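Every number for a ligand or one of its atoms is a count from 1 in the order of the listing. Quick caveat: nothing in here was measured; it's all calculated off a predicted structure.
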Amino acid sequence: MARIIDLKTPVPGPASLALLARRQKAVPKTVSQVTPLAVATAENAVLTDLDGNRLIDFGSGIGVLNAGHRNAKVVQAVKDQLDRFTHLCFQISMYGPYVELAERINAITPGSHDKRTFFANSGAEAVDNAVKVARRATGRQAIVCFEHAFHGRTYLGMSLTSKAVPYKAGFGPFVPEIYRIPFPYCYRCDRGPTDGTCCMAERSYFDRLFASHVEPASVAAIIIEPQVGEGGFIPAPKDFMRALAAFAKDHGILLIADEIQTGFGRTGKLFACEHYNLVPDIIVTAKSLAGGLPLAAITGRAELMEVGHVGGLGGTYGGNPLACAAALAVLDVMEEDHLAARGVVVGDRIRARFLEWQRRYPEIGDVRGLGGMVAMELVKDPATKEPAKELTGKIAAEALKRGLLLLTAGTFGNVIRVLVPLTVEDAVLEEGLGVMEEALRAAVGR
Ligand SMILES: Cc1ncc(COP(=O)(O)O)c(C=O)c1O
């Protein structure tokens, strides 16, 4: 296969720079701009920018394109729906794709219990709604969340989010009745290296923690990303998850799994909860659900979701027909192309390369992640583990110069994460990893 990356100008080229100059006059700089790239077209894992440069995309618009950019089946489904109607508002008139999608999500999410699903437009909105359901159903107010968590940018999503800068600074006051507890970040665990068992996975640990934070009887829900996303791709240890679920059950606390980034095959299972045999009471999904169209789902036990008054939940656009049609096609692709299994293959290749580089570069402190949700954490010194944020940014910049779009992550900004479409061709993946290695070498300087 011929090389995919084809650079006709430096990146960013003149057309990208021209759009950037217009953007700077029209859009506030507070909306972050991770790269200066302006894209003309996208196909599977390949971007073509306004200057005609071809690049490889390892970011998928932050984990939205597990089924690839412009997946043919998704594009066709949206075109077909465009020819029927684009909007009705589900609360006003029903349409088949909304109900069918709810049925399918109820069937594929963890647990065989009776479920209900409704839709919103973004991950943050789904998180807001999950908390509404949990509070209404339990009659309790407190919500417990984790350090390193990211749950979105609405006032509730932001309040549940852990990273102060840039997500929270200057935006307070935040939503009350939120309690934050440590996430098991094994690489940075204060209690030192473990033998694979989590030192937080003990009942007494949770008892002590809640004793000093919040009375369990007043907690409506605990919200957790099974593998932290924005916070640095940190998978929860299995025994921790087991202990947490048992604690929650004993106290009548609902478990909300935020699978917005981990969902739909990314971790090598359809949902990351499956790695833990975890059946959450509520699961929120978005991102790769609709292959690039804005859609989020809130799925929960029927007996919880049915509590409350008619009209308490909903919204003008939630479950937009185009987005539902796209999502139905995404689910077909997931099944027909075995994307979760592909997540394992893609992840194994990435991990093998990262581990090989780690042997050469002590700056790579940790390599981790479930299935195809893999990351490396960069440190100045493997002994002190001081985060190497600057080096991380430099690697991403060197990669972009060479035609590879890479995303960073982490509470300390020192993680490089890969969210390449799971449909990526093997040769494209290898080419991208080769560029990543060159970028690493250039950034480290040896
Ligand atoms: C785990 C998680 N939850 C919630 C969100 C918020 O989703 P959205 O940006 O669609 O509001 C994100 C987005 O990155 C996420 O990764």
Side-chain angles (χ1 to χ4, degrees), residues 30-34 58-66 109 119-132 134 143-163 166-168 171 175 178 180 183 185 221-236 241 255-267 271-273 275 278 280 282-299 315 317-320 323 326-327 330 369-375 407-411 413 415 417-419:
T30 40
V31 176
S32 63
Q33 182 217 313
V34 174
F58 269 16
S60 291
I62 320 189
V64 169
L65 298 153
N66 288 358
T109 44
F119 298 106
N121 304 295
S122 68
E125 232 190 287
V127 167
D128 277 26
N129 276 290
V131 168
K132 281 169 75 172
I143 304 293
V144 170
C145 59
F146 285 90
E147 289 175 359
H148 307 290
F150 182 85
H151 296 294
R153 292 174 180 273
T154 56
Y155 259 94
L156 180 58
M158 173 176 64
S159 302
L160 293 167
T161 287
S162 186
K163 191 171 175 175
Y167 302 126
K168 305 173 81 158
F171 294 140
V175 176
I178 286 177
R180 189 175 310 284
F183 189 88
Y185 193 164
I222 299 171
I223 182 164
I224 185 164
E225 298 162 82
Q227 172 166 318
V228 159
E230 302 299 304
F233 276 29
I234 314 161
M241 211 55 143
L255 255 191
I256 303 174
D258 179 341
E259 291 244 21
I260 287 165
Q261 196 160 153
T262 51
F264 301 103
R266 173 54 56 188
T267 68
F271 298 101
C273 283
H275 289 283
L278 178 72
I282 301 174
I283 178 168
V284 285
T285 52
K287 289 196 186 275
S288 279
L289 165 61
L293 275 83
L295 186 68
I298 304 96
T299 304
Y317 288 112
N320 168 268
V330 166
L370 299 168
M373 192 168 173
V374 188
L407 295 181
T408 61
T411 303
V415 173
R417 56 172 155 175
V418 181
L419 287 168

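Thr411 and His148 form a side-chain donor-acceptor contact under 3.5 Å, judged by distance and modelled atom types alone.
When the side chain to side chain donor-acceptor pair (under 3.5 Å) test is applied to Thr299, the partners found at least two apart in sequence or on another chain are Thr117. Shown here are the side chain to side chain donor-acceptor pair (under 3.5 Å) partners of Glu259, two or more places apart in sequence or in another chain: Thr262. Take Ser288 and apply the side chain to side chain contact (heavy atoms under 4.5 Å, CB included) test, not counting sequence neighbours, and it matches Asn66, Phe264.
Using a 4.5 Å heavy-atom cutoff, the side chains of Ile178 and Leu156 are in contact.
Atom-to-atom distance recorded for Thr285:OG1 and Ile283:CD1 is 6.5 Å, nearest 0.5 angstrom.
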Under 3.5 Å, N/O to N/O: give me all the pairs between ligand 1 and the protein, one per line with atom names and distance.
from	atom 1	to	atom 2	distance (Å)
ligand 1	3 (N)	Phe150	O	3.3
ligand 1	3 (N)	Asp258	OD1	3.3
ligand 1	3 (N)	Asp258	OD2	2.7
ligand 1	10 (O)	Gly123	N	2.8
ligand 1	11 (O)	Gly123	N	3.3
ligand 1	11 (O)	Ala124	N	2.8
ligand 1	14 (O)	Lys287	NZ	2.9
ligand 1	16 (O)	Gln261	NE2	2.8

